[in-house]
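Shown below is the structure under consideration.
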Amino acid sequence: MKFDFRAIEPKWQQHWDRSGTFRTPDEDQRPRIYVLDMFPYPSGAGLHVGHPEGYTATDIVCRYLRMKGFNVLHPMGWDAFGLPAERYAMQTNIHPRTTTEENIATFRRQIKMLGLSYDWSREVNTTDPAYYKWTQWIFLQIYNAWYDPRKNAARPIAELELELASSGTAQLPGAPTLTAGDWAKMTRKDRHDLLAGFRLAYVAEIPVNWCQELGTVLANEEVADWTEKGYTVERRPMKQWMMRITSYADRLLSDASNLDWPASTLEQQRNWIGRSEGAEITFPVKGLAGSAVNVFTTRPDTLFGATYMVLAPEHSLVDSLTTQDRRPEMEPYCRAASLKSEMERGAGKEKTGVFTGSYVVNPATREPIPVWVADYVLSGYGTGAIMAVPGHDKRDHEFAIAFKLPVRKVIEGGQGEGECFSGEGVAVNSMNAEVTLDGLPTAEAKRLVIAWLQKIGAGKATVQFKLRDWLFSRQRYWGEPIPIVHCEDGTMETWDTLPLELPVLERFQPSGTTESPLALATDWVNIVEPKTGMKGRRETNTMPQWAGSCWYYLRYIDPTNDIRFCDRAKERQWMPITIYIGGAEHAVLHLMYARFWHKVLYDLGHVSTHEPFKKLRHQGTILGEDSRKMSKSRGNVVNPDDVVREYGADSLRLFEMFMGPLEEMKPWSTKGVEGVYRFLNRVWRLYIDDSGNIDARLGGGPASADLQRLFHQTVKKVGEDIEALRFNTAISQMMIFVNEAMKAERVPRDLAQSFVLVLAPFAPHLAEELWEKLGHTESLSFEPWPVFDPTQLTADDIEVILQVNGKVRSKTTVPMNTTEVELERIALADAQILRYVDGKRIVKKIVVRNKLVNLVVSKD
RNA sequence: GCCGAAGUGGCGGAAUUGGCAGACGCGCUGGACUCAAAAUCCAGUACGGUUCACCCCGUGUGGGGGUUCGACUCCCCCCUUCGGCACCA
């Protein structure tokens, strides 16, 4: 008789639902654990088999930890803003809210069908105004904050205003000079503009990545995702909201070293932040007193080899340094470069550029060097200008060859030195009247030249980051409105009555301009700003999809609070997240943005931890049966609904965990699902006989010593494997146990019962059903996890291998802890061993207790 | 090009500290049950050799070298695959 999963699974899902089995109490004495899944974007396609992989893994951990006596927080929700629903609305005119609600209903049904132990009373939805009220509130916290480099933390902007009123910028490193008197005299507009330069959320006119097909701008991090799908992205200057994530570059980098995250993910974040140490060096413009160009270099030790300079086409000095005769060539070059995306600029292998006609003076050699403009220099990095050292930089070398510029060798490299050596070495040809680097290794030469530059006021050591500020606005309808009003005097005011809800639109076509469709809701857009009484226009850009997922893990802690985004005491009790599981595709985007918001909230005193996600793991991609990526066009997509209908949720769960290590990429196998389905049926038949009663073998009498021992080994291994997320080997161990138990004449009832508990985290429906059949009336969810007896893990007798010259020649069974002397005696008496030892000289004897004897004999 | 991860039977994969390579599952082969099939159960299954009946022997964890009584495991060199970054000065 087979187990009737079609009846059993819905029965227990309803039971858990109705009894609130997995409701997480906030007031509770048990130790707390917070286990989080990355919440899904509820797409129209429904659940994918990749989703249950991570969700089952966390579910097993949660069910296990509940049985180990923990109070487990395990919630689920919906990251439901996003472009697909809006694009669908453009085609059909069906409101994105309608499609979103439908998709959520499908996802919820599919997830519930898997028997996952979520506390559904904590479900969140980023598109719910009661949720995005707090996303907007956090936006305003960020807007109303600035980064104080002295404290290395964000502070309320009001504190900056107080400081400016009392002492100006006297104590503010890096700020423009301003006295308290100046501040007092400033107009509302001037103060507003000055503060904007400090705020962590600000509007800037910068070249952004505009996608005409999508009708929106994209963050640098997002561009690759869309261009891969065939969309084109162009560079255009536009006014956009930015978040000053660069202020946190150092902390995002250094705090990462304490995270228990996959090495590749940490590496990607480090690369994205891209910290490099170097120097900023000032080159005076020849014949133009008081004018100078700053460059950033990581190799100040090669300064004597800088034979020309290159400015990015967008550099502010291009115009003034270009001589009259060079203009006809320069202007079209810069215009063309500004339209290209960074990707396109990189695509052209040939170096291009235009000479400005001007020269700057190399502070080390005192020689004038020509200033060029070339698009291989990026405006957004460093100072947007470089000193070119063609002898020791590949790119500069290519450029120098193309334009016949002089190359000078200033580093003596080791072996393999070509015409352009970019490694470290010893400085040569690097001396002037005041300083000499000759003979110094790179690290020392750097230190010395920086010290010298500092002394003469021509440079200083600096640190640069690749990380750029986060482009935060999107020209979309289906996103959180940014709660800002633009007043008629050109200032901005925050809109504090939250939530600021999206207006109802009749049509969802793009506005036709570069504004979002919200611009068409004129009644909503044009208002009187209440604090100033001025005419105002609402911000029509909305937030990017990442906004809602930056803090959802905090909302689960206190999902219905309408006074605060999350109660302080509850936050302290539950954070940080013990383990977070989700896709590796979020390595830089979501995981970097969430860390950033979390740190701002920490600085402003709203949360208690530096980092939200202590431990992170990714589930590996599940490939199609043909070992290729699943896709509709390949026709190899597996639908979880079909698998559950055919084999049940327990089989799907078990198979996804049995396929291989959680983090690896692995192919689907229908035969493999059948395999675990067979296993579950074996379990059923172990307990239940053909007439549906408890099998007679569960009656009285003790288990054999072997089965007893195997049981204790199984409890130990399964528990350890769950804690280490090695679900595949845990399942393998349970299979071994069931195989043996099926052969046994007697399986004592208490042992059989305990095994049900061991199986329960993996196949909870089957386990609950068996538990009930065994006479229990309560769910097994909070039964204590079985305890193994360490003394029962090993047999009294143990097999020891006997080797000659490291090769296994025989085996023997001896009592545990047989002495080395005795083992050696047994080995030398073994008939097989004697065949190899006979007539030869034993050179060495290695005896390891409970393991082996190895006799090393001479050749002859 | 740079960085990261990984290479084990026909397939997915297993192997605490260096100590029986291939657990467990899939597939395959043979058998039992059956009129037959499905389901289930039993036996076998790394490759090669041998007087394939029993034993036994050799080879084998991407390739080459090294350390060691002993290496999938540690060290050096190389190759391949996957992922990320890619004019970041």
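Per chain, numbering begins at 1; letters A, B, ... match sequence-line order.
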**Asked** For the side chain of A:Glu267, counting heavy atoms from C-beta on, which of B:A89, B:C24, B:C3 is nearest?
**Response**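 Closest of the options to the side chain of A:Glu267: B:C3.
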**Request:** Using atom NZ of A:Lys851 as one end and atom C1' of B:A15 as the other, report the distance to the nearest whole Å.
**Result:** 13 Å
**Asked** Could you give the CE-to-P distance, from A:Met735 to B:C24, as a whole number of Å?
**Response** 11 Å
**Message:** What is the separation between atom CD on A:Gln269 and atom P on B:A5, rounded to the nearest whole Å?
**Reply:** 16 Å
**Closest approach of A:Asp626 to A:Asn636 (non-hydrogen atoms, all atoms of both residues)** =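 Taking every non-hydrogen atom into account, OD1-ND2, 3.0 Å.
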**Prompt:** Going by an N to O cut-off under 4.0 Å, is there a salt bridge joining A:Asp260 and A:Arg617?
**Reply:**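 Between A:Arg617 and A:Asp260 there is a salt bridge, with a charged N closer than 4.0 Å to a carboxylate O.
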**Item:** base_contact_polar (B:C20 base, A:Lys811 side chain, donor-acceptor, <3.5 Å)
**Value:**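 Yes, a donor-acceptor pair under 3.5 Å.
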**Asked** Which value, in whole Å, describes the distance between the P atoms of nucleotides B:G9 and B:A23?
**Response** 13 Å
**Request:** Report which part of the nucleic acid A:Pro661 touches: base, sugar-phosphate, or nothing (heavy-atom distance under 4.0 Å, all strands).
**Result:**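 A:Pro661: backbone/sugar contact only, no base atoms under 4.0 Å.
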**Asked** How would you label the contact of A:Gly675 with the nucleic acid (heavy atoms, under 4.0 Å): base, sugar-phosphate, or nothing?
**Response**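 Touches sugar-phosphate only.
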**Asked** Has A:Tyr376 got a side-chain N or O lying under 4.0 Å from the OP1 or OP2 atom of B:A89?
**Response** no
**Request:** Could you tell me the separation between the CZ atom of A:Phe421 and the P atom of B:A89, rounded to a whole number of Å?
**Result:**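 After rounding, the gap between these two atoms is 17 Å.
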**Asked** What's the CG-P distance between A:Leu710 and B:C24, to the nearest Å?
**Response** 11 Å
**Request:** Can you tell me, in whole Å, how much space there is between the P of B:C85 and that of B:C41?
**Result:**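 The answer is 49 Å between these two P atoms.
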**Asked** Taking atom P in both B:G13 and B:G30, what distance in whole Å separates the two?
**Response** 29 Å
**Request:** Look at the side chain of A:Lys351 against the base of B:C87 and say whether a donor-acceptor pair falls under 3.5 Å; ignore hydrogens and angles.
**Result:**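 Counting by modelled atom types and ignoring angles, a donor-acceptor contact under 3.5 Å is found here.
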**Asked** More 5' along RNA chain B: A:Ser732 or A:Gly806, using each one's nearest nucleotide?
**Response** A:Ser732
**Message:** Heavy-atom count check: over 12 atoms from other residues, nucleotides or ligands less than 6.0 Å from A:Lys615 NZ?
**Reply:**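 Yes, NZ of A:Lys615 has more than 12 neighbouring heavy atoms, counting only those of other groups under 6.0 Å.
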**Message:** What's the gap between B:G10 and B:G22 when it is taken at their C1' atoms, as a whole Å value?
**Reply:** 14 Å
**Prompt:** Do A:Asp695 and A:Arg697 meet the salt-bridge criterion of a basic N to acidic O distance under 4.0 Å?
**Reply:** yes
**Asked** Hey, is the side chain of A:Lys671 poking within less than 4.0 Å of OP1 or OP2 on B:G27, counting only N and O atoms?
**Response** yes
**Message:** Given B:G19, B:C24, B:G13, identify the nucleotide with an atom nearest to the side chain of A:Asn728.
**Reply:** B:G13
**Request:** Check each of A:Lys851, A:Arg849, A:Lys845 against A:Glu820 using the salt bridge (Lys or Arg N to Asp or Glu O under 4.0 Å) test, and report the only one that passes.
**Result:** A:Arg849
**Message:** By nearest atom, which of the nucleotides B:G70, B:C85, B:A23 is closest to the A:Lys466 side chain?
**Reply:** B:C85
**Between B:C85 (P) and A:Phe465 (CZ): distance, integer Å** = 20 Å
**Message:** B:A15, OP1 or OP2 - any side-chain N/O from A:Thr729 closer than 4.0 Å?
**Reply:**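 So the side-chain polar atoms of A:Thr729 never come under 4.0 Å of the phosphate oxygens OP1 or OP2 of B:A15.
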**Donor + acceptor pair across side chains of A:Thr265, A:His618 (<3.5 Å)** = yes
**Request:** Identify whether any heavy atom of A:Val377 sits under 4.0 Å from a base atom; if not, whether one sits that close to sugar-phosphate; answer base, sugar-phosphate or nothing.
**Result:** base
**Message:** Tell me if B:G18 is syn or anti. Syn = glycosidic torsion within 90° of 0, anti otherwise.
**Reply:** anti
**Message:** In whole Å, measure the gap between the C1' atoms of B:A89 and B:G83 for me.
**Reply:** 26 Å
**Message:** Can you see if the side chain of A:Asn739 gets near the phosphate of B:A23 - specifically, an N or O under 4.0 Å from OP1 or OP2?
**Reply:** no
**Prompt:** So what's the dot-bracket for RNA chain B: Watson-Crick or G-U pairs under 3.5 Å, [ ] if a pair crosses, | if it pairs off-strand?
**Reply:** (((((((..(((......[....)))((((((.......))))))((((......))))..(((((..]....))))))))))))....
**Request:** Measure from CG on A:Asn271 to C1' on B:C3 and round the result to the nearest Å.
**Result:** 6 Å
**Prompt:** What's the verdict on side chain to side chain contact (heavy atoms under 4.5 Å, CB included) for A:Arg235 and A:Asn209, showing C-alpha distance, side-chain angles and the deciding distance?
**Reply:** CA-CA 5 Å; A:Arg235 241 18 215 169; A:Asn209 310 298; 3.0 Å; yes
**Item:** A:Lys743/A:Glu740 salt bridge by N-O under 4.0 Å criterion
**Value:**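 A salt bridge links A:Glu740 with A:Lys743.
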**Asked** A:Asn805 or A:Gly660: which one's nearest nucleotide on RNA chain B is closer to the 5' end?
**Response** A:Gly660
**Message:** Please classify the nucleic acid contact of A:Ser669 as base, sugar-phosphate, or nothing, using heavy-atom distances under 4.0 Å.
**Reply:**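 Counting heavy atoms under 4.0 Å across all strands, no contact is made by A:Ser669.
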**Prompt:** How close do A:Ser651 and A:Val676 get, heavy atom to heavy atom, and via which atoms?
**Reply:**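 So the minimum-distance heavy-atom pair works out to O-CG2, 3.5 Å.
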**Message:** In whole Å, measure the gap between the P atoms of B:U29 and B:U34 for me.
**Reply:**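 Going atom to atom, P in each nucleotide, I get 23 Å.
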**Request:** Let me know the distance between CG of A:Leu623 and P of B:G13, rounded to the nearest Å.
**Result:** 10 Å
**Fill in**
Letter by letter from the 5' end, nucleotides 40-62 of chain B scores (B base, S sugar-phosphate only, - none; protein heavy atoms under 4.0 Å) SS--------------SSSS---
**Request:** For the side chain of A:Pro667, starting at C-beta, report the closest nucleotide among B:G12, B:C82, B:C20.
**Result:** B:G12
**Message:** In whole Å, measure the gap between the P atoms of B:C72 and B:G66 for me.
**Reply:**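 So the two P atoms sit 15 Å from each other.
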**Pairwise C1' distance for B:G62 and B:C82, with rounding to whole Å** =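 It comes out at 15 Å once rounded to the nearest Å.
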**Rounded distance (nearest 0.5 Å) linking atom CG of A:Leu453 with atom CG of A:Leu303** = 6.0 Å
**Asked** Does any donor-acceptor pair link the side chain of A:Glu799 with the base of B:C20 at a separation under 3.5 Å?
**Response** yes
**Item:** Shortest side-chain distance from A:Ile386, nucleotide among B:C69, B:A89, B:G4
**Value:**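 Closest of the options to the side chain of A:Ile386: B:A89.
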**Request:** Begin from the C-alpha positions of A:Phe679 and A:Phe658 and carry the test ring-ring contact (aromatic ring centres under 6.0 Å, His included) through to its verdict.
**Result:** CA-CA 12 Å; A:Phe679 166 69; A:Phe658 187 58; 8.5 Å; no
**Request:** Decide yes or no on ring-ring contact (aromatic ring centres under 6.0 Å, His included) for A:Phe755 and A:Phe737, but give the supporting numbers first.
**Result:** CA-CA 9 Å; A:Phe755 181 73; A:Phe737 176 78; 4.7 Å; yes
**Proximal nucleotide (of B:G19, B:A14, B:A89) relative to the A:Gln803 side chain** = B:G19
**Asked** Between A:Tyr677 and A:Tyr647, how do the two ring planes meet: parallel, tilted or perpendicular, split at 30° and 60°?
**Response**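 A:Tyr677 vs A:Tyr647 ring planes: perpendicular.
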